[in-house]
Amino acid sequence: MRSHRLHSLRRQDVGKTVELNGWANKVRNLGKMVFVDLRDRWGITQVVLDPATIPIASQLRAEWVIAISGEVIARPTNMVRKDIATGEIEVSATTCQVISEAAELPFPIADGSKIEPSDTTRFTYRYLDLRRAKLKENIIARSTLTRLFRQEFENHDFLDIETPMLYKSTPEGAQEFIVPSRVQAGNFYALPQSPQVFKQLLMIAGFDRYYQIVKTFRDEDLRADRQPEFTQIDCEMSFVDQEQVLETIEAIVQKVLQQYLPDYQPTPFMRLTYDDAMQHYGSDKPDLRYDLRLHRLDAKDFVDGIPDALVAEEAGELVVIAARSCAEKYSRKRLDALQSLFMQAGGKRLAWCKVLADEWKTSIRGGISAATQAVLRTKLALQTGDMLFIGLGASPVLLTAMGTVRQHLAVELELTDPSQFKWAWITDFPLFERNDAGELASMHHPFTMPREQDLPLLGVQPLEAKAQAHDLVLNGVEVAGGSIRIHRPDVQAQVFTALGLSQQEIDSKFGFLLQALRYGTPPHGGIAFGFDRLVMLLTGNSSIREVIAFPKTYKGTCLMTSSPSPLAQELLAPYHIKSLVKPP
RNA sequence: GGGGACGUAGUUAAGCUGGUUAUAACGCCGGCCUGUCACGCCGGAGGCCGCGGGUUCAAAUCCCGUCGUUCCCGCCA
């Protein structure tokens, strides 16, 4: 029986007889003596074996699972390793039993190797990748954060209630995963994109506060921060206004951060309206670790008139970003790259100026007059060595295009310190937006409550209406989103109507919700965290695959289990499905 | 759906303006080694150069297609 885990033995344990189990992280065979770094989830302990008494010692290889018994001894003084917790001792083995041999490894598990396996290799042998320190620590950190969030939600009287995985198709949102019913011929469930409607029904049922750490599913194309199945921390509260939701959630997050990050100094989350975020940062999820603010320029900023190069054919507006001390960093090539980035994002032209001591260098034909330079210097607090990026285009695309430039500049100028955490609430989102077909669509979802004062706008100027919706943004990533929900059936009906749904559609899709709202519904609202993204940021990773034990590839496949896989027609038949694709 | 990068021993890479037997490191196998911790030294094995087609006297190398991994845009109520 194992007597100790592999992180725990210290100098004061010298003389103890111990039995240790684990993986041979590293084997160093010196002929007449063999050193094995024994590893488990908790740490590493060095074992020294004498092949003269333990012949198997010279056969040991990396990643074999072994059990040894022996005596804890102090390392010779000059052999003490200060960088390892157990570095003062080692275990002199008296027995060694091989529990399980390991085949030749596709990549080294132990730290310190220069060889970094490719993604394909890592995915194929995910269980081995998970043995490596980095991924292992990410998964442990995730477990810690799960525990801390659970504790805090429980402390705030939230009830953990499960909602169905086999749900109903609601095709308004993301592409869904569908599940054929065997019993109900020709009918389908859908996997939930969110437990949205169920948590509202739980509020109607009177549970008052609900939370759930739960998988949700979206059959969309993947990204570094998107997986087809991902984990939400979903929650909902009754008898609250938006301010109370924000305060409660912020308190929970702050408490979790204090327990998770040892040096965390809690500062209140910043508050920004959607309009301010767009105007100042060109994004509804601005990264606030750096300033690089967007400023409007107009005719009065140009003493001698706006240079021809900055006058658009049609309605043109000008937005400028002043970047500090980077005039020397921007070569022609980098500027061209920025320019094409800006154009791709929908901007018309991106000009630049280098603020130099004597004469400004600029891409603007004819240059910038001394008088205008003086105005800009004051307006933007310019110093020699700064650089201006002036974007020409039409709102609102100009703002988002400049937001893209801003983000790109920050990366190039190394302003994105991953150890820094800048949180912000974004509020007052538009209730609706126009989709590609020019139709009205919910920006958040159709159960979002408009601001009280905007209710009269629903029938007349719906695009002007703002929602009681809120996103939580961390370092430029949307980590949570939610809203106050509609608790009045008449308002809900108005929103459905504004969205152009017929009475028949409303009844078939959301009839049960409208019905439920009629039986005494408390005002309620909540939020859902993208837990994978949150863990990714808090662990300093740039892909959520690094914090998910068994993620999917970019194409949504699993290289380890080879899923998804074709099903023969006879296996599909019970589900009343006929495949149009011939299995390979 | 669109655009970019990558694919060569078990692994990670070099080779790519075509030309002898495809190179290195780590790993693996054998030998030596009592204080290693990226142990060291000596020797060895290991290749459908992703796959298919084309150009050529000759293709890892050039061209076309395809598959896979990845990053971005679209998409993600």
Side-chain angles (χ1 to χ4, degrees), chain A residues 25-38 44-52 57-59 61-63 73 75-81 83-84 86-87 90 92 102-125 128 170-176 193-194 196-197 216-228 230 337 340-341 344-346 404 407-408 431-433 435-436 439-448 467 469 478 481 483 495-496 499 501 509-510 530 542-543 545 552-555 557 559 562 584:
Chain A
N25 192 55
K26 205 91 198 215
V27 178
R28 292 178 294 277
N29 186 346
L30 276 61
K32 295 269 176 7
M33 70 193 306
V34 177
F35 293 96
V36 174
D37 292 337
L38 205 57
I44 284 179
T45 298
Q46 179 168 276
V47 178
V48 55
L49 305 99
D50 180 357
S58 42
Q59 307 297 312
R61 295 292 182 274
E63 296 309 304
I73 58 174
R75 294 198 192 186
T77 323
N78 54 336
M79 299 299 157
V80 166
R81 282 286 298 264
D83 54 329
I84 300 172
T86 57
E90 63 195 356
S92 174
E104 183 180 352
L105 297 160
F107 50 83
I109 306 297
D111 276 349
S113 169
K114 280 180 188 165
I115 292 179
E116 177 59 27
S118 66
D119 293 301
T120 313
T121 312
R122 293 182 63 198
F123 279 128
T124 309
Y125 302 94
L128 294 180
T170 53
E172 281 71 28
Q175 199 70 42
E176 296 172 315
Q193 311 172 36
S194 140
Q196 181 58 38
V197 172
T216 48
F217 305 86
R218 292 178 191 174
D219 192 2
E220 297 286 350
D221 285 2
L222 306 187
R223 287 286 192 284
D225 63 351
R226 278 194 230 158
Q227 284 273 303
F230 60 103
S340 72
L341 195 79
Q344 263 176 6
T404 306
Q407 205 182 339
H408 199 78
L431 187 64
F432 301 112
E433 59 191 347
N435 65 18
D436 289 340
E439 299 156 342
L440 224 53
S442 290
M443 192 149 176
H444 188 48
H445 56 55
F447 319 112
T448 303
E478 180 195 328
S483 62
V495 168
F496 284 147
L499 287 169
L501 292 178
K509 287 174 179 166
F510 303 110
S542 51
S543 166
R545 286 186 301 257
K552 301 280 190 289
T553 69
Y554 222 74
K555 292 271 172 67
T557 64
L559 295 182
S562 302

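In what follows, chains are A, B, ... by sequence order, proteins preceding strands, each numbered from 1. Quantities reported herein were computed from a predicted structural model and do not represent experimental measurements. Computed from heavy atoms alone, side chains included, the values below leave out hydrogens, waters and symmetry copies.
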Hunt down the Watson-Crick or G-U wobble partner of [N], both distances under 3.5 Å, from any strand shown, or write none.
{"N": "C32(B)", "value": "G40(B)"}
{"N": "C62(B)", "value": "G54(B)"}
{"N": "C6(B)", "value": "G68(B)"}
{"N": "A24(B)", "value": "U12(B)"}
{"N": "G74(B)", "value": "none"}

Task: Given A38(B), U11(B), C37(B), the nucleotide with the shortest approach to the side chain of Pro106(A) - done: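 Closest nucleotide among those given: U11(B).
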
Open item on the list: Measuring from the side chain of Met79(A) (C-beta onward, heavy atoms only), which nucleotide among C73(B), C39(B), G35(B) has the closest atom?
Closed with: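 That would be G35(B).
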
Send over the distance from [X] [atom1] to [N] [atom2], rounded to a whole Å.
{"X": "Leu128(A)", "N": "U11(B)", "atom1": "CG", "atom2": "C1'", "answer": "12 Å"}
{"X": "Phe107(A)", "N": "U11(B)", "atom1": "CZ", "atom2": "P", "answer": "11 Å"}
{"X": "Gln175(A)", "N": "G1(B)", "atom1": "CD", "atom2": "C1'", "answer": "13 Å"}
{"X": "Ile115(A)", "N": "G10(B)", "atom1": "CD1", "atom2": "P", "answer": "13 Å"}
{"X": "Gln407(A)", "N": "C72(B)", "atom1": "CD", "atom2": "P", "answer": "11 Å"}
{"X": "Asn29(A)", "N": "C37(B)", "atom1": "CG", "atom2": "P", "answer": "14 Å"}
{"X": "Leu30(A)", "N": "G31(B)", "atom1": "CG", "atom2": "P", "answer": "16 Å"}
{"X": "Glu104(A)", "N": "G46(B)", "atom1": "CD", "atom2": "P", "answer": "14 Å"}

Would you indicate, yes or no, if [N] has its OP1 or OP2 atom less than 4.0 angstrom from a side-chain nitrogen or oxygen of [X]?
{"X": "Lys555(A)", "N": "C67(B)", "result": "no"}
{"X": "Arg28(A)", "N": "C39(B)", "result": "yes"}
{"X": "Tyr554(A)", "N": "C72(B)", "result": "yes"}
{"X": "Arg226(A)", "N": "C75(B)", "result": "no"}
{"X": "Thr553(A)", "N": "U69(B)", "result": "yes"}
{"X": "Thr121(A)", "N": "U12(B)", "result": "yes"}

So [X], base contact, sugar-phosphate only, or nothing? Heavy-atom distance under 4.0 Å.
{"X": "Ser118(A)", "value": "sugar-phosphate"}
{"X": "Asp436(A)", "value": "sugar-phosphate"}
{"X": "Gln46(A)", "value": "base"}
{"X": "Phe123(A)", "value": "sugar-phosphate"}
{"X": "Arg61(A)", "value": "sugar-phosphate"}
{"X": "Ala345(A)", "value": "nothing"}
{"X": "Thr557(A)", "value": "sugar-phosphate"}
{"X": "Leu559(A)", "value": "sugar-phosphate"}
{"X": "Ala174(A)", "value": "sugar-phosphate"}
{"X": "Asp221(A)", "value": "base"}
{"X": "Arg545(A)", "value": "sugar-phosphate"}
{"X": "Glu90(A)", "value": "base"}

Open item on the list: To the nearest 0.5 Å, what is the distance between CZ on Phe432(A) and CD on Glu439(A)?
Closed with: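 Phe432(A) atom CZ to Glu439(A) atom CD measures 13.0 Å (nearest 0.5 Å).
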
- [ ] Any chance you could measure Phe107(A), atom CZ, to Thr121(A), atom OG1, to the nearest 0.5 Å?
- [x]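 Reported to 0.5 Å precision, the distance equals 7.5 Å.
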
Open item on the list: Can you work out whether Lys552(A) or Gln193(A) has the more 5'-proximal nearest nucleotide on RNA chain B?
Closed with: Lys552(A)

Open item on the list: Need to verify one output field. Residue with the more 5' nearest nucleotide on RNA chain B, Asp111(A) or Gly173(A)?
Closed with: Asp111(A)

Given the [atom1] atoms of [N] and [M], what is the spacing between them in whole Å?
{"N": "G52(B)", "M": "A13(B)", "atom1": "P", "answer": "24 Å"}
{"N": "U69(B)", "M": "C32(B)", "atom1": "P", "answer": "46 Å"}
{"N": "A24(B)", "M": "U8(B)", "atom1": "C1'", "answer": "13 Å"}
{"N": "A9(B)", "M": "U21(B)", "atom1": "C1'", "answer": "16 Å"}
{"N": "A25(B)", "M": "C71(B)", "atom1": "C1'", "answer": "28 Å"}
{"N": "A38(B)", "M": "U11(B)", "atom1": "C1'", "answer": "16 Å"}
{"N": "A5(B)", "M": "C42(B)", "atom1": "C1'", "answer": "42 Å"}
{"N": "U17(B)", "M": "U36(B)", "atom1": "P", "answer": "48 Å"}

Task: Base C37(B) to side chain Arg75(A), donor-acceptor N/O within 3.5 Å cut-off - done: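 For Arg75(A), whose side chain was compared with the base of C37(B), there is a donor-acceptor pair (under 3.5 Å).
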
- [ ] Examine the base of A38(B) for any acceptor or donor lying under 3.5 Å from a partner atom in the side chain of Lys114(A), and report the outcome as yes or no.
- [x] yes

TODO: Ignoring hydrogens and angles, tell me if any N or O in the side chain of Arg61(A) forms a donor-acceptor pair with the backbone of Gln59(A) under 3.5 Å.
DONE: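 Between the backbone of Gln59(A) and the side chain of Arg61(A) there is a qualifying donor-acceptor contact (under 3.5 Å).
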
- [ ] Using modelled atom types only, decide if a donor and an acceptor are shared between the side chain of Glu176(A) and the backbone of Thr170(A) within a distance under 3.5 Å.
- [x]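 Indeed, once roles are kept as given, a pair shorter than 3.5 Å links the two residues.
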
Task: CA sep, side-chain torsions, deciding dist, call: Phe217(A), Phe230(A), ring pair (Phe, Tyr, Trp, His ring centres under 6.0 Å) - done: CA-CA 6 Å; Phe217(A) 305 86; Phe230(A) 60 103; 8.1 Å; no

Open item on the list: I'd like to know if Asp83(A) pairs up with Arg81(A) as an ion pair, taking the criterion as any Lys NZ or Arg NE/NH1/NH2 lying under 4.0 Å from an Asp or Glu carboxylate oxygen.
Closed with: yes

Task: Lys/Arg-Asp/Glu bridge criterion (N-O < 4.0 Å) met for Lys555(A), Asp221(A) - done: no

Open item on the list: If you count every heavy atom of other residues, nucleotides or ligands that lies below 6.0 Å from Tyr554(A) atom OH, does the total exceed 12?
Closed with: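 Yes, because the 6.0 Å sphere around OH of Tyr554(A) holds more than 12 heavy atoms from other groups.
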
Open item on the list: For Gln407(A), I'd like to know if atom CD has over 12 heavy atoms of other residues, nucleotides or ligands within 6.0 Å.
Closed with: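 Atom CD in Gln407(A) is not packed in, count stays at 12 or less.
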
